[in-house]
Chemist: 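I have a structure here, written as structure tokens, and I will follow up with some questions on it.
One-based numbering, in listed order, for ligands and for the atoms of each.
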Amino acid sequence: MRLSRYILPTLKEDPSDAVVSSHRLMIRAGLIRKESAGMYAYLPLGFRVLRKIIDIVRDEMDRAGAHEFLMPELTNADLWKESGRWFSYGPEMFRIKDRNGMEYSLGPTHEEAFTGLVRGLISSYRDLPVTVYQINTKFRDEMRPRYGVIRSKEFIMKDAYSFDMDEKGLDESYQAMRKAYRKIFERCGLETIPVEADTGAMGGSDSEEFMVASEVGEEVLLLCGSCGYRANQEKAEFGRKPFAGPAPAEKLSEVDTPDVKTIDDLVKFFGTTPDRFLKSIIYLADGKPAMAVVTGDREINENKLKRSLGCSSLELAPDSVVEEVTGAPVGFAGPVPGPSIPVVFDLSVKEVRNGYTGANKKDVHYSGVNPGRDFEIAKEADIASAVEMDPCPRCGKPMNVRKGIEVGHIFKLGYKYSRPMNVTVLDENGASVTPIMGCYGIGINRTVAAIVEQNGDGRGIVWPKSVAPFSVHLVGISKTAEESAAVDRIYGMMSDAGIDVLYDDRNASPGFKFADADLIGIPVRVTVGKGYFQDGDIEIKLRKEKDPVKVREEALIGKLRELV
Ligand code: ATP
Ligand code: MG
């Protein structure tokens, strides 16, 4: 490809709205252009990378025995009503009507669509196991589209769904995908950290997310360097420290605390530490009030709380509800005596001695609070978030926190869709069986961005070979028509040899061409310039290395074959 005829609008300056490096570099290197918030067009160079990743994903899916489909992106509301998600999906789903008033969703995911289709394609145990997939656009009305293609309103996903006769079969299908995912990211040159992930209110089943460690990641990971426990903070457990030493029980006393409300203020006021406070927060779980109590040094983990309450929606209760259930303004809730609503205590609460908590009265707290004596722990669960240096739940060694970008997610769905959508097959004995499902997603665009986050330097992108838009970047530096013709001839030679080459034949300065070459990051750069015209030496430089090597024209193709 001749660059003089190509559409490659590289930019010297960072776009003003790009805050993460992948977004900046993808715009500057001419891979994408913004259409509007959360919507991006891929230019030819970017589309090449996207296609390479799609090819790798498809290859590994096919190897794993999955079957490729192409589903409509417009999905009928009736399908979503069968699973119930038409009513529960929330504002992320784009909903539209046709001219006759029929309702559709622009598919944010395709569990319903595939379950509905596969239901009509399978009838017997002989048809199972089966894993189906597609590589197709998804639409999500994200609350905050950001970071370029990392979180956009429209993106390409590879989504796969497995159908098995039983749990053992599901586990085999799941493991096959687990293996394929590792292979896919490895082939993309992307280092991922697979972590245990939250399975939602369903609970019980396996779920793994593939994370790319990055400061700009929105996911928080807890990693144990000793035993290898790795989990998303949404799910991560941690070892609890038992109460150390005896403490003579103090008397429960009311203390006037006018205008002392935050844990920080209270810590100062009482001259103590946050772990002795019982922080009590009122939520609405499926619309009904419930209280969660954790120690003041911890944050409530709403995923864990949701699971322990078994609810599908959870939100902070509005002030009016707090006032109604506690009889006090916000800031004075506590478990002594508890309001008559469900209360969940975190596992650390029982370790507190002579603690402090709100007295369910305006401007009053209790001191000398002792669990068991002053209140009963009727329901106890792990509802706090693990943080840096918390003990690993497996080996007890301190864990570390890292941020990550989620690029893929595999999940055992169980019967969540197959049951309400009435998928059945006949088993060996002619009895009707509901297949058990798994689902497996990879964000293709987000993967491109994650690769750029992980493989860039101050000058631009450094593509791994497998996903680079071209294999070789030929830079011609010629002053005369004869010299240009000589570089053209070498370009012809490389093309004839089947080398995927981008040829910078533009009439521009060497500095300009080299800067563009570094910015777009093709792994191998070949320079034909003064050295060639004077001494017959062609320069080969790898993007990730500093110094070039020289080769003679006769050896060029052989050397490039070795490199690409
Ligand atoms: P997130 O928590 O980041 O919103 P998700 O849990 O909603 O992700 P899934 O529904 O599991 O994501 O989708 C599978 C994959 O699709 C994700 O692992 C991610 O790579 C990609 N993905 C999800 N939402 C977006 C988006 N808005 N833009 C780009 N890629 C996305
Ligand atoms: Mg999401």
Chemist: Under a 4.0 Å N-O cut-off, is there an ion pair linking E172 with K168?
Modeler: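 Yes, this pair counts.
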Chemist: Set out, in order, the CA-CA distance, both residues' side-chain angles and the distance that settles salt bridge (Lys or Arg N to Asp or Glu O under 4.0 Å) for E218 and R151, then state yes or no.
Modeler: CA-CA 10 Å; E218 297 177 274; R151 184 172 299 285; 3.1 Å; yes
Chemist: Can you name the residues that come within less than 4.0 Å of ligand 1, going by heavy atoms only?
Modeler: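 The answer is R140, E142, V149, I150, R151, S152, F155, M157, E219, E406, V407, G408, H409, G443, R446, counting any residue whose heavy atom sits under 4.0 Å from ligand 1.
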Chemist: Can you tell me which residue pairs pass the salt bridge (Lys or Arg N to Asp or Glu O under 4.0 Å) test with a partner in residues 22-38, sequence neighbours excluded?
Modeler: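 Pairs touching residues 22-38 that pass the test: D14-R24, D14-R28, D17-K34.
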Chemist: Judged by modelled atom types alone, do E299 and S385 share a side-chain donor-acceptor pair under 3.5 Å?
Modeler: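 E299 vs S385: no donor-acceptor pair found between side chains.
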Chemist: Can you list the residues that meet the side-chain contact (heavy atoms from CB on, under 4.5 Å) rule with R58, with sequence neighbours excluded?
Modeler: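 If we apply the side-chain contact (heavy atoms from CB on, under 4.5 Å) test to R58, skipping adjacent residues, the hits are I54, D55, D62, E68, Y133, I135.
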Chemist: Under the salt bridge (Lys or Arg N to Asp or Glu O under 4.0 Å) definition, can you give me all pairs with a residue in residues 95-104, not counting sequence neighbours?
Modeler: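 Every pair satisfying salt bridge (Lys or Arg N to Asp or Glu O under 4.0 Å) with a residue in residues 95-104: K81-E103.
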